[in-house]
Amino acid sequence: MQNLTDHKKTEIKNRLVEIFGPQNVTDKEPDLYTYSYDATECEPHMPDFVALPETVDQVVAVVKLANDMEVPLIPYISGNNVGGLTIPVRGGIILDFSKRMNKILHVHESSMYAILEPGVTFGQLKKCLDDHHPSLRYSYPFAPPFSGAVGNALLSGMNNMSSAHGSMGDWINGIEVVLHDGTVARIGSCFLGKEFRTDNWHTRYPMPDLLGLFVNWQGMTGIVTKCAVQLWPRRPIEKAYVSFCYGFENTAELMRELGRAEIADDVLVVSVEVAKMLLGIPTPIKIPEEPDFAMLIQLSALTQKHLEAKYEIMQCILAKVNQKHGNKIFLTEFDAGASIVGESFRFAYDLPAVVTPLVEYSGLTWYGSYAPPEHLGVLLEKGTAIFHKYNFPPFVYSKIMKSGHYSLFRPIIRYKKDSEEERARSALEEFFALGVEYGCLPYKTPAWMCNRLKEFIDPNWLEFFKKVKGFMDPKGIFNPGRWGI
Amino acid sequence: MVELADISGLSQPSQEALKLVLDRCIRCNTCKYAYKEFTPTCPSGETFKFESYWASGRIRLARGLLTQRLKWTADMLDPIFACTACGACGDSCQAPHQDQIVDIIESLREFAVKSVGAPAKQARLVPPVAEHFNPYGAPHSDNAEIRAKYHLKPTASVVYFIGCTSNYRQQQLRDATLSVLQKLGVDFTVVDERCCGSPLIRTGQLDLVPGLMRYNADAIAATGAKTIVTSCSGCYRTMKKDFAKFGVDLGLEVLHSSEFINQKLTPAEIKRLQQKSGKNPAVTTVTYHDPCHLGHHMGVFDAPRELLVKIPGIKLVEMPRNRTSAWCCGAGGGVKIGYPEWAVHIARERVEEAHQTGATTLVSTCPFCKTNLSDANAQAGTDIDVIDLIELLDRAL
């Protein structure tokens, strides 16, 4: 960090111990080291302290301390955001929420939301709903179960209902947040009432949407201590289909049309090499006769007729696309598809789950972006070519978002951290350049990429952004270094 | 490329395990709780909470030390040694290195011992093994007394490897096993055995280990046996998995007593034995604790349960965390000697979980589990009996 003197460091530690208790604060090198880097190419940095908050009062106290001492605070849940977002680039205090501030405070059955503390994981939420609220469901990304549900929402991550409902940032009904001076503010309909209650977190509108001051800010404007996320009714019938796609533009068109038809919870494609990875082939290479992509289409329905109607619409769309581009896309039921590409493909039906190819090595990074649907075809094609250029097996992951209003374009690189990181970084640079060319907006954006992005964005936006940041965080304590400021 | 630390002085298995950390583990955190169950399974992480106390954190420490980004300090020892090495992390992990996580942790311990020495408490294991061939420092027994008492010949088709904890501490288990084997008419014997090496391997203190293994292998080979049966889960794992890693080929089938007896004991045999003994035990509700060295490490989950329900009068109820999601008893990995209070704290959680099932008896298949669960039971005053499966069986037959 900014060269803390020993005296200052001792004072900070003493105050941290007062706030959290000695067993919940560490400044030991082995402990700090484990928080200093993540799976990505982002440069490691050591924190000065790690603390384990449990209560809002503790968070208020540590924010006041950080302001007094001008020491950075870095919110941390599980550290697997694939953007280096919890690496303390200027040192400071990591607040690890996943260990003690991880309770599901309330599930509101009739208004369909859950109020979560910041450390709640997808796995926890899934178990809670399955065990106690089986009529409701949340949705899950292709991420390990021990990933932060609140963090993913605040960073506008996507999930397996995003084709219908958009990114998780849209699913937040409200938050409780600790501001730089220690004020605890409730945002959304939960602002009703002088005290915290569980029954009024049903919407973030129509009041001015102050949530925008916190969503996608990567922890730069305050520390969120509660978050209400929308849940959805669990439909009695769920059925998935797989299609194998030859070609790029036709694949993109099918995704767009399925999105616009609003029949699917999720429509995603992955490079066919991913299917080979799932089969355990160590260096998967597509042979010319094989399709370029596997597409997963997840439907849910209230009745069998409802499902049949959706299926009929899906078939009509497919026929139209195939008529236009030649018969290059083949649809099959998920079970039949899984029997072709391997049983391990079934993880997609049982999220949250580990996607085994993603955990094969010591490094993992991506260019995660939200892309204009019109350019999806060219992105798929050129993205695949970049993988070949840098000799990584293609791992393009893409989906249509929110009925086709936007799309996800996410090339993923799995690599060996100590020997392949430079190559991975070079490939990412090229994915970034491709994304900029076609209007993609990176999300969970690493600091180095934000710095590059600044070259391409409206300077007035940046100026405004800095002003807001200065207002929200005058002493620069909240996760400094993000977005290049 | 980074310059790696010199680990050529470590055992070959440790060198191989440590090198894995360079290219494995993105810290996806799946090791932190039972996969798909989403329940806590890591005693170390759940207690100490910082990332360095979970499997993925230890892999990071190993990587930091191997790449010399981290230097050895005294602070390094607790994250490395405050772990029961229960292997629940390996059952949860879905990555290719899942079966090597415990190996990595144990290798890291050897690396620590060779670099800065073992922690003082764990170091106390070595002298008694060197002098008395058991970690308790009890006068060595060559088991001649047992052979005489049970009329055991020098050669037999089965060797019962008693293990130090059963021979010097939990002797009821030893005696029950001897009794059951005799009741079943098994052609078995015991040998002048030495510590299998498990406590030393688990704490990274390997100097004596190859000698202990070779001695035991030779003693067993001299009996002409085809099968080794042990009632200790720690010995079982060591003989079945670790001996080969250290280049000692037993060339024999190794079975846990629950596996062996489960194979032998038919309902007709039970009836015959009960008629002979006149025993007719009352109905007892029991729950079963999976010893980590039998379950998480070796995947033996069914045999003990099958044997349990064969015992007349036994009603088995499961704890919520069972099989691959089982919670550790707290004794393993050198924790009982290194962190005795914490070991019992872990066991208290398990005893309470057992009590919540409504069972009156907590059954396990490892003398070390029995010791620690009994300690916790006594400390907490929980109204539950702690007993080994073979003792329960012996009482019923």
Side-chain angles (χ1 to χ4, degrees), chain A residues 23-40 44 50 52 76-80 82 94 96 98-100 121-128 130 143-147 280 282 344 347 350 352-356 358-364 414-420, chain B residues 1-4 19-40 42 45-54 56-67 69-80 92-98 112 320:
Chain A
Q23 71 278 23
N24 297 310
V25 176
T26 185
D27 60 352
K28 292 177 180 172
E29 192 186 20
D31 300 334
L32 302 180
Y33 179 75
T34 54
Y35 292 86
S36 69
Y37 70 94
D38 64 14
T40 70
V50 179
L52 310 174
Y76 174 102
I77 300 168
S78 53
N80 52 9
V82 203
I94 283 189
D96 179 345
S98 69
K99 310 305 190 305
R100 302 203 305 152
T121 63
F122 287 112
Q124 258 181 286
L125 187 51
K126 159 89 170 161
K127 183 171 177 59
C128 170
D130 285 357
F146 202 101
S147 302
S344 55
F347 75 87
D350 189 26
V354 172
V355 183
T356 48
L358 298 180
V359 297
E360 194 163 346
Y361 302 118
S362 51
L364 180 76
R414 315 160 316 136
Y415 67 100
K416 296 175 179 174
K417 210 158 171 48
D418 281 302
S419 55
E420 298 177 343
Chain B
M1 287 291 285
V2 291
E3 190 179 342
L4 300 184
K19 282 179 184 162
L20 279 175
V21 304
L22 294 176
D23 294 335
R24 300 292 181 200
C25 188
I26 61 164
R27 192 183 60 193
C28 72
N29 298 298
T30 307
C31 55
K32 282 180 173 154
Y33 52 25
Y35 192 57
K36 293 292 174 191
E37 299 289 327
F38 313 119
T39 48
C42 175
E46 289 295 327
T47 304
F48 302 105
K49 301 195 186 297
F50 296 110
E51 291 291 345
S52 45
Y53 288 87
W54 304 80
S56 50
R58 292 190 174 94
I59 289 173
R60 286 191 165 209
L61 294 183
R63 187 165 171 267
L65 290 161
L66 188 59
T67 56
R69 294 181 180 109
L70 269 178
K71 302 292 176 209
W72 283 104
T73 62
D75 285 340
M76 203 67 72
L77 294 180
D78 275 337
I80 293 173
S92 300
C93 174
Q94 303 295 302
H97 60 279
Q98 66 176 140

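The structure displayed is predicted, hence computed values, not measured ones. A note on names: the letters A, B, ... follow the listed sequences, proteins ahead of strands, and every chain is numbered from 1.
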Looking only at heavy atoms, what is the nearest atom pair of A:Val354 and B:Tyr35, with distance? N-OH, 2.8 Å
Sort A:Asp130 into side chain, backbone, both or neither according to what part of it lies under 4.5 angstrom from a heavy atom of chain B. neither
Where on A:Gln23 is there a heavy atom nearer than 4.5 Å to chain B: the side chain, the backbone, both, or neither? backbone
Part of A:Leu32 lying under 4.5 Å from any heavy atom of chain B: neither
Lys NZ or Arg CZ of A:Lys127 over B:Phe38 ring: under 6.0 Å, within 45°: no
With only heavy atoms counted, which part of A:Ala353 is less than 4.5 Å from chain B, the side chain, the backbone, both or neither? both
Is B:Ser56 close to chain A through its backbone or its side chain, or both, or neither, when contacts mean heavy atoms under 4.5 Å? neither
Partners of B:Glu37 by salt bridge (Lys or Arg N to Asp or Glu O under 4.0 Å), sequence neighbours excluded? none
Is it the backbone or the side chain of A:Arg100 that comes under 4.5 Å from a heavy atom of chain B, or both, or neither? side chain
Identify the two heavy atoms, one from A:Val359 and one from B:Pro96, that lie closest to each other, and give their separation to 0.1 Å. O-CD, 3.6 Å
Let me confirm one number: the CZ-OG distance from B:Arg69 to A:Ser36, rounded to the nearest 0.5 Å. 9.0 Å
Hey, could you give me the CD/CD1 distance between B:Glu51 and A:Ile94, rounded to the nearest 0.5 Å? 9.0 Å
Given the ring of A:Tyr37, does B:Arg27 sit roughly above its face, with NZ or CZ under 6.0 Å from the centre of the six-membered ring and within 45° of the axis? no
Nearest non-hydrogen partners of B:Gln94 and A:Thr356, listed with the distance: O-CG2, 3.8 Å
Find the one option among B:Arg63, B:Arg58, B:Met76 whose heavy-atom pairs under 4.5 Å with chain A are most numerous. B:Arg63
From the list B:Thr30, B:Leu70, B:Thr39, the residue making the most non-hydrogen contacts under 4.5 Å with chain A is B:Leu70
Quick one: what part of B:Cys28 sits under 4.5 Å from any heavy atom of chain A, side chain, backbone, both or neither? both
Contacting moiety of A:Val25, where chain B heavy atoms sit under 4.5 Å: backbone
Please name the pair of heavy atoms, one in B:Gly64 and one in A:Tyr33, separated by the smallest distance, quoted to 0.1 Å. CA-OH, 3.2 Å
Just so I know, are the side chains of B:Val2 and A:Asp418 near enough to count as touching, which here means a heavy-atom distance under 4.5 Å? yes
With sequence neighbours left out, what residues match A:Asp31 under salt bridge (Lys or Arg N to Asp or Glu O under 4.0 Å)? none
Considering only heavy atoms from C-beta outward, does the side chain of B:Arg24 approach that of A:Lys416 to under 4.5 Å? no
When heavy-atom pairs shorter than 4.5 Å are enumerated against chain B, which of A:Pro145, A:Ser147, A:Gly79, A:Ala143 gives the highest number? A:Pro145
Measure A:Pro352 against the heavy atoms of chain B and call it side chain, backbone, both or neither at under 4.5 Å. both
B:Phe50 versus A:Val50, closest heavy-atom pair with distance: CE2-O, 3.7 Å
As a quick check of understanding, evaluate side-chain contact (heavy atoms from CB on, under 4.5 Å) for A:Asp350 and B:Lys36, giving each step before the final call. CA-CA 9 Å; A:Asp350 189 26; B:Lys36 293 292 174 191; 3.2 Å; yes
Would you say the side-chain atoms of B:Asp75 pair up with the backbone N or O of A:Lys28, donor to acceptor, closer than 3.5 Å? no
Could you tell me the separation between the OG atom of A:Ser419 and the CG atom of B:Asp23, rounded to the nearest 0.5 Å? 5.5 Å
